[in-house]
S.K.: 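Okay, handing you the structure first.
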Protein chains: 2
Amino acid sequence: MNAALALVGKGRHFASLGIREVTRQAGVVPTSFYRHFRNMDDLGLQLVDELGLVLRRMMREARANVLQSDKLIEESVGIFVAHAQANRSFFLFMAQGLAGESRAVQEGIRSEMRFFASELANDLRRLRLMEHLSDADLDLTCDLVVRTVAFSLTDLLSVSTDDDYQIGQIRKRTTRFLQMIFLGAGHWQSDSA
Amino acid sequence: MNAALALVGKGRHFASLGIREVTRQAGVVPTSFYRHFRNMDDLGLQLVDELGLVLRRMMREARANVLQSDKLIEESVGIFVAHAQANRSFFLFMAQGLAGESRAVQEGIRSEMRFFASELANDLRRLRLMEHLSDADLDLTCDLVVRTVAFSLTDLLSVSTDDDYQIGQIRKRTTRFLQMIFLGAGHWQSDSA
DNA sequence: CACATTAGTGAACAAGTGTACACATCGCTT
DNA sequence: AAGCGATGTGTACACTTGTTCACTAATGTG
């Protein structure tokens, strides 16, 4: 799995990886592959599972550092960017998988995103934010937020890790996106019900 | 190019296509490939160019049908969904290319999206909508809109063409996303400047 | 200690891959 | 009608690919 991630990190697309290529990168003979996975799709699914862990770690850190802050959005985006840098290959895999070749991987990633969105909704409820929104509308909002951040991911991953200027731009832009969304959510239903 | 699109339409990922595979689908001998393209990346780039045409056609139709409507957003989303269905393979290619293997294709698609966003901004200006926004903020809004729609694309393309219920759901959800964004844009700067 | 499980090995095979080269056709313009 | 450029063909070569099978080394449990 690390070998596959490493190749993805080097710019390859997961869908174009072959068994021999992965085992070569892992420093192991091709046949060994079958000791662990039935095929590449299987490997992809296990990567999705591990991706879940990465996301959960990120959420935990966000919750710990953000709760007492007044710049909630800005801080969260910062943490997200930091994690995306630290786990570049994982997030690359995630971005690829969204439109990937394996239906199962695709669905897995989508489901991780849904989970993330619902956790975000819970947090907002706990913080007594957006209390005027119905549960469904809060879910809607959080879904939109998660999508927006996920899209920023593709921006982030296409600039080199040390291009601090561009990274800063992306962070600012993403922050504004979210501010605009929450601004809309704040006025939702009050005048569009 | 049609052969490559056809394969993508059948669920393959562009990055995993080979020259022989494409020529086979095209009903042509492998060597013929080199009469038209230097390699698969080159083919991808030419597909991006043609994608540009598809998008422009879509914009034209949207402009023609939407201008006199009061349900601007809903209509636009409808037209988008219709075009995404009609040119399924093209949009699949677009969704794949965003996190694809070829940097050039990636940049090409991104640039098409930027163009689309800027055209949208022009239209809004012409319609005298969102006049309280600075040019930069209007661009920001349109970028966010285009991203949101593009993300809905991945939802749309992952359900089968004849699942009208799901397609309707996606259409409704996307419409609400855009309504929320424009609602936020409507209050932007007035209370967050 | 013995034994079963797990992870890794090496050789083998049929099939598929990208690319090169010389040759054949077609349609167009002069 | 002649010639030319663009497109397609057939053959060939050196690799790479997925998967199989029987075998070996390490691991931890009774």
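Remember, it's a predicted structure, so these values are computed and weren't measured experimentally. Chain naming here is simple, since letters A, B, ... match the order of the sequence lines and numbering starts at 1 in each.
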S.K.: Looking across every strand, which nucleic acid part, if any, lies under 4.0 Å from B:Val28 by heavy atom: base, sugar-phosphate, or nothing?
M.R.: sugar-phosphate
S.K.: Rounding to an integer number of Å, can you tell me how far B:Arg35 CZ sits from C:dA20 C1'?
M.R.: 11 Å
S.K.: So which of residues 11-23 of chain A are in contact with DNA chain D, with a heavy-atom cut-off of under 4.0 Å?
M.R.: A:Gly18, A:Ile19, A:Arg20
S.K.: Take the protein atom NE2 of B:His36 and the nucleotide atom C1' of D:dA6, then report the distance between them rounded to whole Å.
M.R.: 9 Å
S.K.: Does atom CG of B:Asn2 have more than 12 heavy-atom neighbours from other groups under 6.0 Å away?
M.R.: no
S.K.: Starting from C1' on D:dT16, measure out to CD on A:Gln25 and report it in whole angstrom.
M.R.: 17 Å
S.K.: Measuring from atom CG of A:Leu47 to atom CZ of A:Phe93, what distance do you get when rounded to the nearest 0.5 angstrom?
M.R.: 4.5 Å
S.K.: Roughly, in whole Å, what's the span from CZ in B:Arg38 to P in C:dA20?
M.R.: 12 Å
S.K.: Counting any heavy atom closer than 4.0 Å, what does A:Arg24 reach on the DNA or RNA strands: base, sugar-phosphate only, or nothing?
M.R.: sugar-phosphate
S.K.: Can B:Gln189 and B:Ser134 be counted as having a side-chain donor-acceptor contact under 3.5 angstrom?
M.R.: no
S.K.: Using the six-membered ring of B:Phe116, assess whether NZ or CZ of B:Arg56 lies under 6.0 Å from its centre and within 45 degrees of the ring axis.
M.R.: no
S.K.: Measure distances between side-chain N and O atoms of B:Thr31 and base N and O atoms of D:dG8, and say whether any donor-acceptor pair falls under 3.5 Å.
M.R.: no
S.K.: Just wondering, more than 12 heavy atoms not from B:Arg128 lying within 6.0 Å of its CZ?
M.R.: no
S.K.: Could you state the CE-P distance from B:Met40 to C:dG18, rounded to the nearest angstrom?
M.R.: 8 Å
S.K.: In whole angstrom, give the distance that lies between atom CZ of A:Phe33 and atom P of C:dT6.
M.R.: 18 Å
S.K.: Distance alone, cut at 3.5 Å: any donor-acceptor contact between the side chains of B:Thr161 and B:Gln85?
M.R.: no
S.K.: Taking atom C1' of C:dC21 as reference, at what distance in whole Å does atom OH of B:Tyr34 sit?
M.R.: 13 Å
